[in-house]
Amino acid sequence: MKKLIVTVMTLAIVLMVQSLTAQTAIDDLYKQYAGKDGFTSINISPELFSMISGFDMEDSSESAKEAKDVVEQLSGLKMLVYEPKPGQSNEAFLAEVRSLSKSKGYTEMMSVDSEDEIVKFLAKKGSDGRISEMLMIVLDESEAVVMSMTGSLDMKSISKISKSLDIEGMDKLEESNK
């Protein structure tokens, strides 16, 4: 009996540690490629979103208040952009990006495949039914973009975020909401 209790306690501790260090779908990519030649990495930490949500917006415009409401739903944003120099290729990175669309727990919200570009939006729902992470993947012959937004988001907020950040590819998601 003592052995069973120790085993259950150990398993519970391991699961708690894993949940506390839960990673987003692009964390491994980000660690591996951020700062490397041809890559631009952007990381907006939860602390910044927390600071922004603490701003007093009483005397601000309606659009500023609306932006603050949207930002309060975010807990993080990571972006990795790969722009190869002429003659440079990183097939390993592109293969890893393509494999993200097969990540477990993600639902493909939208996909746009054209002759020169592939755009995919994937979402992972949290326990409350809202989106806990949204991935945007854009692949074309001149660049690859992977973006992860985490938080507790709804589609209306994601649309507002896409407008305010003016990120290439997000316009496709906005079009799908119409």
Show the numbers, then the answer: is there a side-chain contact (heavy atoms from CB on, under 4.5 Å) between Ile42 and Met147?
CA-CA 9 Å; Ile42 301 164; Met147 181 187 70; over 6 Å; no
- Between Glu133, Lys78, Lys124, which is the residue that forms a side-chain hydrogen bond (donor to acceptor under 3.5 Å, both in side chains) with Ser148?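 Only one of Glu133, Lys78, Lys124 forms a side-chain hydrogen bond (donor to acceptor under 3.5 Å, both in side chains) with Ser148, namely Glu133.
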For [X] and [Y], work out which heavy atoms get closest and say how close.
X	Y	result
Pro84	Glu143	CD-CA, 4.5 Å
Asp140	Asp116	CB-O, 3.0 Å
Arg130	Asp128	N-OD1, 3.0 Å
Leu153	Gln73	CA-OE1, 3.6 Å

For this session: Side-chain contact test, heavy atoms from C-beta onward, threshold under 4.5 Å: evaluate it for Glu117 versus Val112 and give yes or no.
Result: no
>> I'd like to check Arg98 versus Leu139 (side-chain heavy atoms, cut-off strictly below 4.5 Å). Are they in contact?
In response: yes
Reported [atom1]-to-[atom2] distance for the pair [X] and [Y], which is rounded to 0.5 angstrom:
X	Y	atom1	atom2	result
Ile131	Thr150	CD1	OG1	12.5 Å
Met109	Met134	CE	CE	6.0 Å
Leu135	Met149	CG	CE	9.5 Å
Ser99	Leu29	OG	CG	7.0 Å
Leu80	Asn43	CG	CG	11.0 Å

field: Sequence-distant partners of Ser132, side-chain hydrogen bond (donor to acceptor under 3.5 Å, both in side chains), two or more places apart
entry: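 Partners of Ser132 by the side-chain hydrogen bond (donor to acceptor under 3.5 Å, both in side chains) criterion come out as none, since no residue qualifies.
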Sequence neighbours excluded, the answer for side-chain contact (heavy atoms from CB on, under 4.5 Å) partners of Glu108 is Ser111, Lys120, Leu122
Taking the six-membered ring where the residue is Trp, are the ring centres of Tyr33 and Tyr82 under 6.0 Å apart?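 For Tyr33 and Tyr82, the ring centres are not under 6.0 Å apart.
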